[in-house]
Undergrad: 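Structure in structure tokens, see below.
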Amino acid sequence: MKRARPRRPAGRWAGLLTEGRNRRSRALDTLRTPQVVALLLDEDHRAIEAAARERARIARAAVEMARTLAAGGRIVFLGAGTSGRLGVLEAAECPPTFGTDPDVIRAVMAGGKAAVFQAVEGAEDRAQDGAREGRRLTRSDLLVGISASSVTPFVRGALAAARGRGARTVLVTCAPAPGLRRLADVVIAVRTGPEVLTGSTRLKAGSATKAVLNAITTAAMVRIGKAYENLMVDLRPSSAKLEDRTRRIVSTAARVSPPEAARLLAAARGEVKTAIVMGRLGLPAPEARRRLAAARGHVRRALAR
């Protein structure tokens with residue numbers, strides 16, 4: 001009688017929601033192209049709804065980020081694969097949108113910069129590489145670890161090392177599981193469920209993760225005075241489009257004509273907030289800057305003072 005082969009133990013990924021099979025897409029290869037597209041978009045919609053159910057923890061993460069920035073600390077987005085690339089995108093967009101220093105908000109990708117454009121096989125499995133990045137942080141800093149699966153060694157290693165250094169930590173994942181609360185100070189676990197294409201977390205898990213990161217950074221920036229009404233008042237006009245937007249923002253917020261907005265911006269050396277306060281209160285640039293400093297950069301407070 002032949003002895004039965006011992007069964008291999010299931011890997012750490014087998015029980016993850018993000019690795020499961022989606023019942024709605026079992027016949028994916030038989031669907032017409034419009035049906036495939038409709039299914040993908042509908043599943044993305046469900047993922048965003050799942051992200052909305054985590055809004056309380058997203059808000060906590062935004063508060064942590066705002067506090068870190070207000071105290072002069074640094075923010076690091078860290079991940080591997082799609083998750084890492086979403087962190088790179090978030091960090092890259094902050095300087096032009098909110099006028100932040102690229103060294104203050106940055107991203108770390110498993111496998112290094114080259115992995116942003118081309119997959120570096122095995123990089124996500126190197127917990128020691130993540131730990132090395134985590135040890136670079138201090139008590140003043142915040143690490144946002146991004147892992148769709150929640151089990152990526154690179155991310156887990158970074159979170160553990162960062163916590164050991166006293167840094168604050170956030171985990172963004174799409175695979176809720178027992179024990180995650182021990183990994184970070186704030187855990188945002190979005191239950192996106194199985195992908196249309198099994199295991200391809202660049203799909204709805206990626207969409208939900210991007211929405212979460214957008215919400216964290218934007219809410220944090222609003223909290224520290226990077227917006228007045230719904231206008232971005234710390235943007236850097238690094239292109240013709242942004243230069244035009246800058247003039248329109250000053251014209252709208254200062255309640256002046258476009259030519260006057262251009263004059264104010266020139267007098268304010270391109271500082272949008274300063275130009276707004278100058279236009280609204282009829283002040284010279286130095287006095288407008290003093291009022292903004294006293295208001296900790298909040299335009300509304302500067303105008304009220």
Side-chain angles (χ1 to χ4, degrees), residues 51 58 60-120 123-124 129-138 140-148 152 154-159 161-162 165 167-174 184-186 188 190 201-202 205-227 232 234-239 242:
I58 294 171
R60 281 184 57 200
V63 169
E64 290 288 353
M65 181 174 290
R67 286 174 177 167
T68 299
L69 292 170
R74 297 170 296 165
I75 309 294
V76 175
F77 294 98
L78 179 142
T82 296
S83 296
R85 293 182 187 97
L86 290 171
V88 170
L89 180 60
E90 201 66 32
E93 292 289 351
C94 284
T97 307
F98 300 112
T100 56
D101 189 322
D103 292 328
V104 172
I105 300 179
R106 62 187 184 87
V108 173
M109 177 83 183
K113 292 181 179 179
V116 175
F117 302 99
Q118 186 171 347
V120 176
E124 67 181 57
D129 288 357
R132 184 172 60 249
E133 296 294 341
R135 286 193 292 270
R136 292 177 178 172
L137 303 181
T138 71
S140 302
D141 302 328
L142 173 68
L143 174 66
V144 181
I146 312 165
S147 170
T152 308
F154 179 78
V155 176
R156 286 197 169 207
L159 288 170
R165 294 279 292 166
R168 300 293 289 172
T169 53
V170 173
L171 171 63
V172 179
T173 181
C174 292
D185 299 304
V186 181
I188 301 166
V190 183
T201 51
R202 68 187 180 84
S207 299
T209 297
K210 182 69 174 84
V212 168
L213 296 178
N214 280 347
I216 292 172
T217 55
T218 305
M221 296 302 174
V222 170
R223 187 180 177 93
I224 64 173
K226 298 288 186 178
M232 56 176 76
D234 255 339
L235 83 166
R236 293 181 180 176
S238 54
S239 67
L242 293 182

Undergrad: Between Val170 and Leu159, what is the shortest heavy-atom contact and its length?
TA: O-CD2, 3.8 Å
Undergrad: Would you indicate whether the side-chain heavy atoms of Arg74 and Thr68 approach each other to under 4.5 Å?
TA: no
Undergrad: Take a 6.0 Å sphere around CZ of Arg236 and say whether it holds more than 12 heavy atoms from other residues, nucleotides or ligands.
TA: yes
Undergrad: So how far is it from Asp103 CG to Ile75 CD1, rounded to the nearest 0.5 Å?
TA: 13.5 Å
Undergrad: Counting only N and O atoms by type, is there a donor-acceptor contact under 3.5 Å from the side chain of Thr138 to the main-chain atoms of Ser140?
TA: yes
Undergrad: Does any part of the side chain of Val76, heavy atoms only, come nearer than 4.5 Å to the side chain of Asp141, both counted from C-beta?
TA: no
Undergrad: Do you know the tightest heavy-atom contact between Ala162 and Leu137?
TA: CB-CD1, 4.0 Å
Undergrad: Out of Arg60, Arg67, Arg168, which one pairs with Asp185 under the salt bridge (charged side-chain N to carboxylate O under 4.0 Å, His left out) rule?
TA: Arg168
Undergrad: Is the closest side-chain heavy-atom distance between Leu86 and Phe77 below 4.5 Å?
TA: no
Undergrad: Which heavy-atom pair separates Ala131 from Ala161 by the least distance, and what is that distance?
TA: O-CB, 3.3 Å
Undergrad: Counting C-beta onward and ignoring hydrogens, is there a side-chain heavy-atom pair between Leu78 and Glu133 closer than 4.5 Å?
TA: yes
Undergrad: Okay, side chain of Arg85, backbone of Val116: is any donor-acceptor separation there less than 3.5 Å?
TA: yes
Undergrad: For residues 87-99, please give each side-chain donor-acceptor pair under 3.5 Å, one per line with the distance, not counting sequence neighbours.
TA:
from: Glu90; atom 1: OE1; to: Lys210; atom 2: NZ; distance (Å): 3.3
from: Glu90; atom 1: OE2; to: Thr217; atom 2: OG1; distance (Å): 2.6
from: Thr97; atom 1: OG1; to: Glu93; atom 2: O; distance (Å): 2.8

Undergrad: Is the shortest heavy-atom distance from the side chain of Leu171 to the side chain of Thr169 under 4.5 Å?
TA: no
Undergrad: Taking all non-hydrogen atoms of both residues into account, name the closest pair between Ala123 and Ala110 and its distance.
TA: CB-C, 3.7 Å
Undergrad: Would you compute the distance between atom NZ of Lys226 and atom CG of Asp234 and round it to the nearest 0.5 angstrom?
TA: 4.0 Å
Undergrad: Name all residues meeting the side chain to side chain contact (heavy atoms under 4.5 Å, CB included) criterion together with Ala115; count only those two or more places apart in sequence or in a different chain, and write none if there are none.
TA: Met109, Val120
Undergrad: Can you list everything that forms a side chain to side chain contact (heavy atoms under 4.5 Å, CB included) with Val104? Sequence neighbours excluded, please.
TA: Leu69, Asp101
Undergrad: Quick one, Met221 and Ile105 - any side-chain contact, counting heavy atoms below 4.5 Å?
TA: yes
Undergrad: Do you know which two heavy atoms are closest between Thr173 and Ser147, and how far apart they sit?
TA: OG1-O, 2.8 Å
Undergrad: Could you tell me whether the side chain of Val155 reaches within less than 4.5 Å of the side chain of Ile146, counting heavy atoms only?
TA: no
Undergrad: For residues Ala61 and Ile216, report the shortest heavy-atom separation together with the two atoms involved.
TA: CB-CD1, 3.9 Å
